[in-house]
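Let me begin by presenting the structure, written as structure tokens, before commenting on it.
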Amino acid sequence: MNPQVFQTPIEFLKGVGLSRADVLKKELGITTFEDLLRYFPYKHIDRTRFYKIRDIQPELPYVQVLARVTHFEIAGDKRTKRLVAQAKDETGIMELVWFQGIKWIEKYLAIGKVYVLFGKPGMFNGKPQMAHPEMELYSPAVLKQKGNLTLQPAYSSTEKLKQFSLDSKGIQKLTAILLDQYGNEIKENLPLYLLNQFKLMGRAEAYRNMHFPDDAAMLNEAQHRLKFEELFIIQLKLLKNKLLRIQKFKGHVFESVGHYFNTFYNERLPFQLTNSQKKVLKEIRQDTQRGVQMNRLLQGDVGSGKTVVALMSMLIAIDNGFQACIMAPTEILANQHYQTIKSLVGEGFIEVALLTGSTKKKDRNILHEKLEDGRLKILIGTHALIEDKVQFQNLGFVVIDEQHRFGVEQRARLWRKNNIPPHILVMTATPIPRTLAMTLYGDLDISVIDELPAGRKPIQTVHYYENQRLRMFGFMKQEIAKGRQIYVVYPLIQESEKLDLKNLEDGIEIIRREFPMPDYQISIVHGKMPAKDKDYEMQRFVKHETQIMVATTVIEVGVNIPNASVMIIENAERFGLSQLHQLRGRVGRGAEQSYCILMSSHKLSYDGKIRLETMVRTNNGFEISEIDLQLRGPGNIEGTQQSGITDLKVADLVADQQLLIQARKCVEDIFARDPQLTLPEHQVLHLAFLKNAGLSWDKIS
Ligand code: ADP
Ligand code: MG
């Protein structure tokens with residue numbers, strides 16, 4: 001029979017039929033054989049182990065006992081009627097009790113016989129007790145039956161399903177039928193040599209053992225095999241896409257490093273590059289020489305100096321007759337990049353312009369013109385850049401900052417700004433764990449800046465509770481007296497904007513009272529303000545006309561004001577780790593010692609406590625991102641939702657990181673050895689890309 005058998009509608013499975021098919025679909029989304037096969041038990045109940053009555057603890061979720069029934073009687077009155085039995089083994093006595101089905105049990109029980117009893121244990125009057133146990137008369141044959149003396153699968157069910165006798169047991173029966181009838185049709189989809197090399201269980205065997213494992217070790221092997229397969233196939237697809245892109249898209253060749261780069265490097269760069277920055281520049285330099293379009297992700301902690309790397313890469317493009325652009329997710333950020341780049345390149349060197357939603361029509365027209373005739377070399381902006389009206393003479397290099405805020409389609413539109421797509425450098429705002437990057441950005445090359453510029457003093461972080469507020473004000477005054485500037489940030493969470501605004505307003509009130517004019521000046525920036533006012537307030541702070549900037553998280557990313565050396569985060573427990581880290585990264589940008597104060601209430605959740613402790617302990621963004629991943633799981637890390645990687649069925653991006661690294665390495669080796677997958681042993685892999693089989697193939701076929 002052909003593998004399509006697993007696409008058969010579930011109603012055709014023996015024992016299902018139309019009405020059960022209907023509830024399976026409605027309640028569990030199971031419509032095909034395949035769906036049922038991949039409806040894995042959420043746990044297995046260990047029926048291999050027998051407890052002695054002496055060892056029974058009421059905390060155990062369930063126990064299995066071999067015991068002889070020595071006595072039973074009907075107890076209670078009409079309302080409390082129940083059947084109580086006594087069962088005995090050589091270690092003690094246990095009570096069994098039934099409130100329902102008493103008649104039937106009464107007939108079934110035989111004094112002096114041994115039964116296999118199974119159920120949730122309890123304690124009654126200091127004695128072990130079991131209510132409504134599953135029970136079977138003991139005989140050596142009974143133990144050999146399916147479901148006894150094995151790990152028994154437990155499936156989640158619903159009230160509705162139970163009405164159709166599809167409780168865990170019912171689902172188990174269907175799965176058993178499916179595996180009995182079609183289990184042999186499950187085809188291997190990994191090359192044989194990989195199975196041998198990594199000692200992986202065969203695919204059909206793995207599916208069978210996911211449901212009906214012979215023992216715990218086999219269950220583990222089955223899970224291991226399917227996890228590997230899942231991760232392997234994702235990587236196979238990602239790296240195949242990458243290969244295809246390399247084959248399909250030629251890239252501009254930046255032959256030489258010339259005037260612009262050299263002049264900047266020798267005469268204008270105000271500091272020594274770190275080794276990391278040099279290494280990344282070298283990687284980009286190599287990428288842009290091979291005639292293949294570059295797609296590179298640049299990861300680096302806040303303040304690690306990604307912008308200057310981006311700029312120097314753009315200068316190489318310009319040296320080779322191309323234009324370059326930077327796209328940022330917000331106006332503030334675009335503006336920030338614009339300011340930074342302008343101050344880095346200085347006067348009379350190269351033309352740089354800013355294009356955002358608020359650029360005036362008149363300026364826009366001039367800008368368009370200069371872009372088209374090539375006078376304008378570097379354009380910085382928001383997604384206004386991707387509008388069709390924006391035409392470059394010869395765009396060669398694109399920097400995308402904070403990738404996760406842009407969709408894939410937006411990225412692609414930038415590609416189409418030239419006949420040959422420009423080289424792409426993606427910069428992330430926050431470091432993400434290596435394994436997550438492997439999946440999220442698995443089709444990109446990855447560069448990492450893993451050191452901060454020399455001489456940076458690590459930011460000192462403390463966690464204060466509400467009752468330490470006066471101390472905090474004192475500290476603020478002290479720093480302001482030294483000439484420093486201070487951020488005070490309030491959370492802004494969509495669902496309760498009103499409340500947040502109130503929070504902010506109350507906060508401002510208190511700060512105004514504590515820091516009165518004219519000695520102190522305060523800037524206020526929040527999301528609800530018109531861009532014009534925001535900008536004005538920002539500028540006052542930049543020019544040091546104000547000492548304190550009270551803001552919501554609009555300042556989260558990218559803002560660079562070296563003289564601001566204190567970051568105070570109010571209600572810090574309400575922020576996620578990566579956000580806290582981003583915010584803290586706004587300080588520590590100058591020569592002065594910087595500080596971060598995390599204010600929280602006394603009521604902290606467990607996770608909240610870990611987040612704040614982590615922030616106090618470390619400044620390392622990669623370390624923080626690992627903890628963030630562990631706390632929140634991959635599904636909640638920014639950027640993961642759209643990617644679909646959270647649809648993993650068996651593997652777990654947190655727990656299975658080693659396996660992922662292994663699978664990735666495997667796929668890399670395969671493509672290095674056999675890029676077209678033409679070797680006979682790789683034939684089996686082609687199926688992974690079959691259209692229509694789509695994801696399904698990954699699963700079964
Ligand atoms: P990122 O974007 O990675 O958070 P930036 O590129 O904004 O970091 O750099 C942060 C600050 O460090 C900027 O003021 C920048 O000029 C400065 N900087 C970058 N590289 C170096 C270096 N090698 N030595 C000293 N300062 C540097
Ligand atoms: Mg930056």
Side-chain angles (χ1 to χ4, degrees), residues 261 264-284 296-315 324 326-330 332-346 349 352 378 380 399-405 425-432 437 446-459 484-485 487 538 541-542 544 555-565 567 578-594 596 619-622 624-625:
F261 183 94
F264 178 77
Y265 187 65
N266 296 322
E267 295 167 20
R268 297 189 175 229
L269 183 63
F271 40 69
Q272 284 266 320
L273 292 179
T274 62
N275 287 330
S276 272
Q277 287 172 318
K278 286 185 191 161
K279 182 191 71 193
V280 174
L281 274 171
K282 213 175 264 168
E283 285 166 343
I284 293 171
R296 188 168 277 283
L297 173 73
L298 175 54
Q299 281 217 70
D301 217 335
V302 260
S304 62
K306 296 184 288 289
T307 314
V308 73
V309 169
L311 170 63
M312 292 175 78
S313 310
M314 294 194 292
L315 292 178
I326 300 183
M327 182 162 77
T330 64
I332 290 186
L333 269 176
N335 195 29
Q336 189 76 46
H337 277 303
Y338 177 64
Q339 301 299 342
T340 308
I341 300 264
K342 264 185 55 152
S343 72
L344 276 169
V345 296
F349 183 56
V352 182
I378 296 180
I380 297 166
V399 179
I400 302 180
D401 196 8
E402 273 91 49
Q403 147 91 7
H404 58 254
R405 307 198 186 192
L425 182 68
V426 172
M427 305 197 293
T428 53
T430 329
I432 55 173
I446 298 179
S447 288
V448 177
I449 301 184
D450 52 10
E451 63 185 320
L452 295 182
R456 280 281 164 82
K457 299 190 184 77
I459 301 162
R484 303 288 102 76
Q485 288 166 282
Y487 296 105
M538 286 290 287
F541 192 63
V542 170
H544 203 166
I555 61 150
E556 184 185 335
V557 277
V559 175
N560 186 21
I561 298 167
N563 191 54
S565 64
M567 168 63 66
S578 72
Q579 228 181 351
L580 288 171
H581 182 60
Q582 270 299 320
L583 285 170
R584 181 169 61 182
R586 297 309 103 213
V587 298
R589 299 183 152 246
E592 309 304 331
Q593 174 63 54
S594 291
C596 175
N619 275 302
N620 182 326
F622 285 95
I624 289 171
S625 73

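Atoms within each ligand, like the ligands themselves, are counted from 1 in listed order. Because the structure is predicted, anything quoted here is derived from the model rather than measured.
Residue-ligand proximity, Asp301 to ligand 1, at heavy-atom distances under 4.0 Å covers atoms 3 (O). Close contacts between ligand 1 and Val302 involve ligand atoms 4 (O) [criterion: under 4.0 Å to a heavy atom]. Within the listing of ligand 1, atoms 3 (O), 8 (O) sit less than 4.0 angstrom from a heavy atom of Ser304. Each of the atoms 23 (N) of ligand 1 lies under 4.0 Å from some heavy atom of Leu273. For ligand 1, the atoms sitting less than 4.0 Å from at least one non-hydrogen atom of Thr274 are 23 (N), numbered in the order shown with element in parentheses.
Among the atoms of Gly305, some N or O lies under 3.5 angstrom from an N or O of ligand 1.
Within the 3.5 Å criterion, the main-chain N or O of Val352 finds no donor-acceptor partner in the side chain of Lys342. In this structure, the side chain of Thr428 does not engage the main chain of Gln299 through any donor-acceptor pair within 3.5 Å. Of the possible donor and acceptor atoms, one in the side chain of Asn619 sits under 3.5 Å from a partner among the backbone N and O of Ile459. No side-chain donor-acceptor contact under 3.5 Å links Ser276 to the backbone of Ile449. For Glu283 (side chain) and Lys278 (main-chain N/O), no donor-acceptor pair under 3.5 Å exists by modelled atom type.
Nearest-heavy-atom check against atom 12 (O) of ligand 1 across Lys278, Arg589, Arg456, Gln299 picks out Arg456.
Only the backbone of Gln272 comes within 4.0 Å of ligand 1, counting heavy atoms alone; no side-chain atom from C-beta on gets that close.
Scored by the side-chain hydrogen bond (donor to acceptor under 3.5 Å, both in side chains) test, Thr274 finds Gln277 as partners (sequence neighbours excluded).
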